[in-house]
Amino acid sequence: MSLDKENGPLLRVKGLEKRFNLDQGFLESLKFSSGKLTRETRAVHAVNNISFDVDRGDAICVVGESGCGKSTVARMVAGLIAPSGGEIHYDGERIDGLRGKDLLPLRKKIQMIFQNPYASLNPRMTIGQTLAEPLRYHNPSMSKGALQDKAAAVMKSVGIDPAWGARFAHELSGGQRQRIAIARALTVDPEFIVADEPISALDVSIQAQVLNLMLEMQEAHGLTYLFITHDLSVVEHFGTKVIVLYLGSICEVADTQTLFSNPKHPYTKALLSAVPQLKDDRSNHIRLKGEIPTPINLPSGCPFRSRCPLSDARCASEKPMPLQKDDGSVVACHAVEEERVDALNWV
Amino acid sequence: MSLLSVRDLTVKFSNRTGALTALNGISFDLARGERLGIVGESGAGKSITGFALMNLLSQPGFIDGGQILFEGEDVTQMSKKQVRDMRGNRMAMIFQDPMVTLNPVLTIGQQMVETLRAHRKLSFEEARQIALVKLKEVYIPSPVERFEQYPHELSGGMRQRIIIAMALLLDPKLIIADEPTTALDVTIQADIMELLLEMCQSNQVGLILITHDLGVVSQVTERTMVMYAGRIIENGPTRSIINDPQHPYTQGLISALPQQTQPGQRLKQIPGVMPTLSDMPSGCPFHPRCDHATETCKSQVPDISQSGESFVACHEVHRLQKELASEAAQ
Ligand SMILES: Nc1ncnc2c1ncn2[C@@H]1O[C@H](COP(=O)(O)OP(=O)(O)OP(=O)(O)O)[C@@H](O)[C@H]1O
Ligand SMILES: Nc1ncnc2c1ncn2[C@@H]1O[C@H](COP(=O)(O)OP(=O)(O)OP(=O)(O)O)[C@@H](O)[C@H]1O
Ligand code: SF4
Ligand SMILES: [Mg+2]
Ligand SMILES: [Mg+2]
């Protein structure tokens with residue numbers, strides 16, 4: 001076991017599932033059909049059978065369409081919601097079943113930065129209190145002076161004037177709040193940071209500052225990241241590995257360089273083509289046609305098939321399994337497996 | 001007549017000791033159907049500008065001078081009823097924080113129908129049909145089911161699209177979109193931007209697009225304003241702002257983009273941080289962070305002058321441009 005702890009991945013996710021029930025009440029879900037009373041529950045299939053590993057020091061980026069389950073994966077990994085199925089192992093230990101007190105040590109090691117900086121800060125606390133609270137909680141013996149010094153140091157590192165300590169969150173702009181949220185995650189010296197679009201609310205120069213800080217923390221303290229973002233230029237810059245999700249399933253997992261130089265899944269190709277270009281207003285973006293599927297009624301077969309120009313009868317009936325390619329990437333697509341994907345010519 | 005004409009707009013926040021200036025006399029125009037981008041440092045006053053245009057500022061924030069002429073009427077002088085009539089109807093804002101617009105205890109459908117019926121004489125069913133069409137337009141899958149759901153049951157990006165759909169409900173003349181696609185993935189972002197673009201072009205709708213994403217600005221807008229510490233420091237055609245930025249801050253912003261650096265390398269940051277409202281430096285607000293600052297910069301606020309194709313607030317811009325030109329000539 002100890003060997004596994006040393007050499008195994010820091011995080012291992014196996015067959016992860018999450019369903020949200022749509023019908024709240026028991027009575028509401030009762031249906032009278034063909035002379036019988038039956039119970040019918042509709043659910044959002046937010047995450048479906050996802051597996052991946054994160055090695056120590058990795059910055060693994062999760063990308064994919066809005067609603068494809070990125071935040072749900074993040075919240076399960078951070079222990080904030082319970083999976084409906086599958087396993088999550090951290091540092092060789094299974095953590096998905098942990099509750100209450102057993103979660104405490106993990107809460108310090110794994111920190112989460114949330115997507116919405118408006119909702120994640122307590123409006124009744126000053127910025128100083130917001131930052132000192134987790135510190136005090138995890139280090140009950142720290143002196144008041146030491147707490148303040150630490151909070152001030154972290155504020156400076158994310159480009160915040162320590163004098164803001166006395167202000168309340170509502171007095172700050174969106175980007176200023178997000179920097180506080182990032183600072184709060186960093187105060188307790190975590191090992192693993194789950195960051196849900198941490199920098200999309202920030203302007204480019206502060207994005208640069210925060211990304212540089214995260215790179216520094218990675219080098220100096222071996223921090224590991226699970227990083228959700230829509231900004232592919234950030235992924236290319238910061239990520240070591242990329243997971244592409246579609247409708248709660250994995251399309252492609254690859255090293256960043258491999259993914260950008262040689263994307264394989266048709267959805268990955270469309271995604272990369274849609275990145276807005278700075279100096280070129282010709283839109284060469286691959287427009288996905290077809291119905292956008294819904295996680296409420298998961299389609300049969302490949303989740304991407306309704307919008308995929310390469311889908312055929314097999315795609316409609318059989319869900320493609322993630323298969324490893326020669327360059328180490330993992331792709332779930334029948335057309336890729338059958339080597340039909342080079343015929344792709346959409347533009 | 002332009003659709004919107006802002007003159008010397010000043011916004012302050014009162015606090016214990018007096019008032020802090022968040023917008024410092026900004027002026028700009030927007031023609032019918034014109035698409036304007038606003039970019040700049042976080043905290044520079046971009047959202048506050050949007051709130052002021054919509055007459056949405058409330059204590060401790062207030063307008064302390066200036067004019068906002070919208071279709072010839074001064075928004076700052078409007079009665080409560082006139083404001084209610086204008087808001088959502090002729091001028092709509094897509095907020096940076098989706099939960100400002102969405103009521104957590106009402107379903108998406110209830111909120112859309114209510115908004116429609118507050119401004120138009122429609123039956124519930126008529127309003128519902130319009131709402132469903134708008135939901136489809138912003139690429140919400142299963143609109144009929146989503147219509148019945150509560151905001152917290154939707155993903156961040158879905159909420160964002162609902163808000164966009166709500167802003168489009170009443171076919172406004174001016175849309176102020178504050179970070180409308182930050183929460184969206186690039187494929188849907190591209191589709192939504194095309195939708196906004198087409199709407200502006202075919203119905204002559206004006207668009208003010210506030211965003212940090214210079215790629216989006218470059219694809220959608222014709223003109224861009226760069227804000228710093230409550231002032232407009234550069235205003236010009238989007239193309240030239242991106243290819244030939246004039247103000248030292250704008251130059252710093254463009255070079256901080258990840259595209260300008262090798263993967264894994266440190267990005268180019270602008271040194272220092274933007275001053276807080278309570279602690280504004282004298283002279284040019286950017287001077288403590290600027291490589292080119294002179295004694296004049298420290299004591300006098302720069303006027304706006306033309307440089308290249310933009311209007312720029314910088315004492316040294318003409319000298320810097322000359323130096324650049326002579327370097328290029330050698
Ligand atoms: N209620 C308030 N009280 C005091 N100051 C405020 C208040 N609301 C906003 N401010 C200040 O006004 C300034 C402008 O804020 P604004 O929200 O317009 O920034 P922004 O340019 O939209 O930034 P971001 O890109 O981060 O959203 C900020 O310095 C902010 O701290
Ligand atoms: N509490 C909840 N109740 C019901 N459905 C939910 C709940 N939370 C999430 N969902 C659903 O799960 C799916 C995945 O949501 P999630 O927030 O993980 O998406 P995402 O990939 O983070 O999207 P975005 O990029 O828009 O933030 C969506 O269909 C969403 O509506
Ligand atoms: S006015 Fe001076 S300090 Fe301000 S940007 Fe120009 S050169 Fe720099
Ligand atoms: Mg999300
Ligand atoms: Mg803002």
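This structure is a prediction, so every number in the text was calculated from the model and none was measured. Residue numbers start from 1 in every chain, and the chains themselves are labelled A, B, ... in the order their sequence lines are given, proteins ahead of strands.
- With A/Glu197 as the partner, the side-chain contact (heavy atoms from CB on, under 4.5 Å) test is satisfied by one option alone out of A/Ile113, A/Ile228, A/Asp231: A/Ile228.
- Every residue two or more places apart in sequence or in another chain that forms a side chain to side chain donor-acceptor pair (under 3.5 Å) with B/Ser14 is listed here: B/Gln59.
- Ring centers of A/His265 and A/Phe304: under 6.0 Å apart, within the cut-off.
- For a residue to count as touching a neighbouring chain, one of its non-hydrogen atoms must lie under 4.5 Å from one of that chain's; by this rule A/Leu211 touches chain B with the side chain only.
- Counting only N and O atoms by type, the side chains of B/Ser218 and B/Thr238 include no donor and acceptor under 3.5 Å apart.
- At a 4.5 Å heavy-atom cutoff, B/Gln160 makes no contact with chain A through either its backbone or its side chain.
- With respect to chain A, the highest number of heavy-atom pairs below 4.5 Å among B/Val186, B/Ile48, B/Ile140 belongs to B/Val186.
- For B/Glu148, no part sits under 4.5 Å from any heavy atom of chain A, backbone or side chain.
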Derivation and outcome, side-chain hydrogen bond (donor to acceptor under 3.5 Å, both in side chains), residues A/Thr224 and A/Asp58: CA-CA 5 Å; A/Thr224 308; A/Asp58 256 350; over 6 Å; no
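- When B/Ser278, B/Gly45, B/Pro60, B/Pro263 are compared by the number of non-hydrogen pairs under 4.5 Å with chain A, B/Pro263 comes out ahead.
- The choice from B/Gly40, B/Pro258, B/Gly61 that makes the most heavy-atom pairs within less than 4.5 Å of chain A is B/Pro258.
- Your options are B/Gln149, B/Glu179, B/Gln265, and the one with the most heavy-atom pairs under 4.5 Å with chain A is B/Gln265.
- Using non-hydrogen atoms only and a strict 4.5 Å limit, the part of residues 64-75 of chain A facing chain B consists of A/Gly64, A/Glu65, A/Ser66, A/Gly67.
- Under the side chain to side chain donor-acceptor pair (under 3.5 Å) rule, A/Ser205 has a single partner from B/Lys268, B/Glu41, B/Arg289, B/Gln269, which is B/Glu41.
- Applying the ring pair (Phe, Tyr, Trp, His ring centres under 6.0 Å) test to residues at least two apart or on different chains, none of the pairs has a partner in residues 154-176 of chain A.
- For B/Glu145, the part lying near chain A is the side chain, with the backbone staying farther off; criterion is any non-hydrogen pair under 4.5 Å.
- Between B/Phe286 and B/Tyr249, the angle of the ring planes goes over 60°, which puts this pair in the perpendicular group of the 30/60° scheme.
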Derivation of the side-chain hydrogen bond (donor to acceptor under 3.5 Å, both in side chains) call for B/Thr211 and B/Asp213: CA-CA 5 Å; B/Thr211 178; B/Asp213 191 327; 5.5 Å; no
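- Interface remark: B/Lys46 contributes no atoms to any contact with chain A (heavy atom separation under 4.5 Å).
- Annotation: residues 232-240 of chain A contacts chain B through A/Leu232, A/Ser233, A/Val234, A/Glu236, A/His237 [non-hydrogen atoms, separation under 4.5 Å].
- The aromatic rings of B/Tyr150 and B/His152 lie parallel to each other, with less than 30° between the two planes, well short of the 60° mark.
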